[in-house]
Amino acid sequence: MRRAVIDLGTNTFNLLVADTQTQQILFQTKEGVALGMGGINERRIGPEAFQRALTTLRAFKELCVQWQVKEIKAIGTSALRDAQNANELLTSASDFGIQIEVITGLQEANLIYKGVELTFAFAQPALIMDIGGGSTEFIAADAQGPFLAHSFDIGVSRLFQLFEFQDPYSTLDIQKVESFLEERCAAFFKQALPKVLIGASGSFETFYELLHFTPFEAKGQALQVDTKQFLQMLDLIIGSTQAERDQNQQIIAIRKRMAPLAAIKTRWVLQQMAAEKIFISPYSLKEGVLFGKS
């Protein structure tokens, strides 16, 4: 049966269409909606973001009709969890046949794990990191499954709208982001954590492409990257100017403004966990919804 999942992220809406009997991905696309821009820290969806969301959802619905999709699963995450006017978007979307389910942070973490699990055997324990615009999920897992999970409201859109930044980011800019992360997440990283990081899709795909100057085509398997080279690449992103990122074809439009924040956060996490290995998985929440084990 042809099914589709729409992941309504705080920055990006993702559509995935697949035959769930054969587990064949038939079509996928993404749109930079910036749902959290102009209101996430005030717990609302701004009017411009609201219209961008509806326009994208209508377009995704038309694509689902073209692909003869029998069932659409639409998942709302951090921005919709927090927005006091979220029900207005849910009602408007239902008017043209998309029923949005808003999930908790821990439910989101569980679906991310189910997606990543399809690409990594967990022969060694690993910590999954999924960078979102509103939240970031961490899931520690081994061959028996996840044993630790947390969702933190430290997404790049929140950070981008919380602080003023110079171009390029100054030392003080970096310090205030790291201090924010320390305040919100330090206790989590004081626990015994795996020394392997798995970056789940999204920003990590961009990191891979910046590192290798080639499209991220993992074909259903998590790919290991060189840790030293990866850290050097993060440093380059953090030190880049907006003009340099605007000209960089490896960075998709929605990530050009916030890429340094994703890089600062990833570098901080790698330092906290003393990571020895880094993998990047092509799968995350949407694949967990369609293909994950129940």
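Residue numbers start at 1 and run along the sequence shown. Note that these values count all heavy atoms, side chains included, but never hydrogens, waters or copies made by symmetry.
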Side-chain contact, heavy-atom cut-off 4.5 Å: [X] with [Y]?
X    : Y    : answer
Y283 : K114 : no
I75  : I100 : no
T29  : L63  : yes
F50  : L35  : no
R267 : I174 : yes
L57  : I6   : yes
Q272 : K190 : no
Q124 : P194 : no

Given D82, T136, T10, the one that forms side chain to side chain donor-acceptor pair (under 3.5 Å) with R158:
D82
Trace of the side-chain contact (heavy atoms from CB on, under 4.5 Å) decision for I103 with L285:
CA-CA 11 Å; I103 61 175; L285 181 147; 4.1 Å; yes
Can you tell me how far SG of C185 sits from CD of E178, rounded to the nearest 0.5 angstrom?
12.0 Å
Separation between CD1 of I128 and CD of E117, rounded to the nearest 0.5 Å
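The CD1 atom of I128 sits 8.5 Å away from the CD atom of E117.
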[X] and [Y]: side-chain donor and acceptor closer than 3.5 Å?
X    : Y    : result
R3   : T20  : no
S157 : Q161 : yes
S170 : D173 : yes
T241 : D167 : no
E244 : S240 : no
T227 : Q229 : no
S151 : E137 : yes

Indicate if [X] and [Y] have the same hydrophobic cluster label, given that clusters are the connected sets of ILVMFWY residues with side-chain heavy-atom separations under 4.5 angstrom.
X    : Y    : value
F230 : L236 : no
I254 : Y208 : no
L118 : V196 : yes
L111 : L15  : no

If I compare all heavy atoms of [X] with all of [Y], which pair ends up nearest, and what's the gap?
X    : Y    : value
K265 : M129 : CG-CE, 3.8 Å
I139 : P146 : CG2-CB, 3.7 Å
I154 : L159 : O-CD1, 3.7 Å
I131 : A262 : CD1-O, 4.0 Å
L80  : G76  : CD1-CA, 3.7 Å

Does the salt bridge (Lys or Arg N to Asp or Glu O under 4.0 Å) test come out yes or no for E108 and R81, once each step is laid out?
CA-CA 11 Å; E108 184 174 359; R81 276 198 291 274; 2.9 Å; yes
So does [Y] get a backbone contact from the side chain of [X], meaning a donor-acceptor N/O pair under 3.5 Å?
X    : Y    : result
E88  : N85  : no
K286 : I112 : no
T119 : V116 : yes
T266 : A263 : no
R43  : Q84  : no
R2   : L26  : no
Q107 : T104 : yes
E209 : F216 : yes

Is the centre of the [X] ring less than 6.0 Å from the centre of the [Y] ring?
X    : Y    : value
Y113 : F122 : yes
F189 : F138 : yes
F152 : F188 : yes
F279 : F120 : yes

Taking atom [atom1] of [X] as the centre, report whether more than 12 heavy atoms of other residues, nucleotides or ligands fall under 6.0 Å from it.
X    : atom1 : answer
K73  : NZ    : no
Q68  : CD    : no
K195 : NZ    : yes
E42  : CD    : yes

Determine, step by step, whether I264 and L234 satisfy the side-chain contact (heavy atoms from CB on, under 4.5 Å) criterion, reporting the C-alpha distance in whole Å, the side-chain angles of both residues, the deciding distance to 0.1 Å, and the verdict.
CA-CA 7 Å; I264 292 169; L234 293 179; over 6 Å; no
Could you work out, with salt bridge (Lys or Arg N to Asp or Glu O under 4.0 Å) as the rule, every residue matching K256, not counting sequence neighbours?
none
Please determine whether side chain to side chain donor-acceptor pair (under 3.5 Å) holds for the pair D153 and S135, giving the CA-CA distance in whole Å, both sets of side-chain angles, and the decisive distance to 0.1 Å.
CA-CA 4 Å; D153 287 336; S135 62; 5.1 Å; no
Check the pair F204 / I198 against side-chain contact (heavy atoms from CB on, under 4.5 Å), numbers first and verdict last.
CA-CA 9 Å; F204 284 96; I198 306 174; over 6 Å; no
Take D226 and K277, measure what salt bridge (Lys or Arg N to Asp or Glu O under 4.0 Å) needs, and give me the verdict at the end.
CA-CA 8 Å; D226 182 272; K277 295 180 181 179; over 6 Å; no
Centre of Y169's six-membered ring, under 6.0 Å away, within 45 degrees of the axis: is that where NZ or CZ of K176 sits?
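Here K176 fails the 6.0 Å and 45° test against Y169.
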Under the side-chain contact (heavy atoms from CB on, under 4.5 Å) rule, what do K30 and I252 come out as? Steps first, then yes or no, please.
CA-CA 10 Å; K30 66 182 69 172; I252 65 173; 4.0 Å; yes
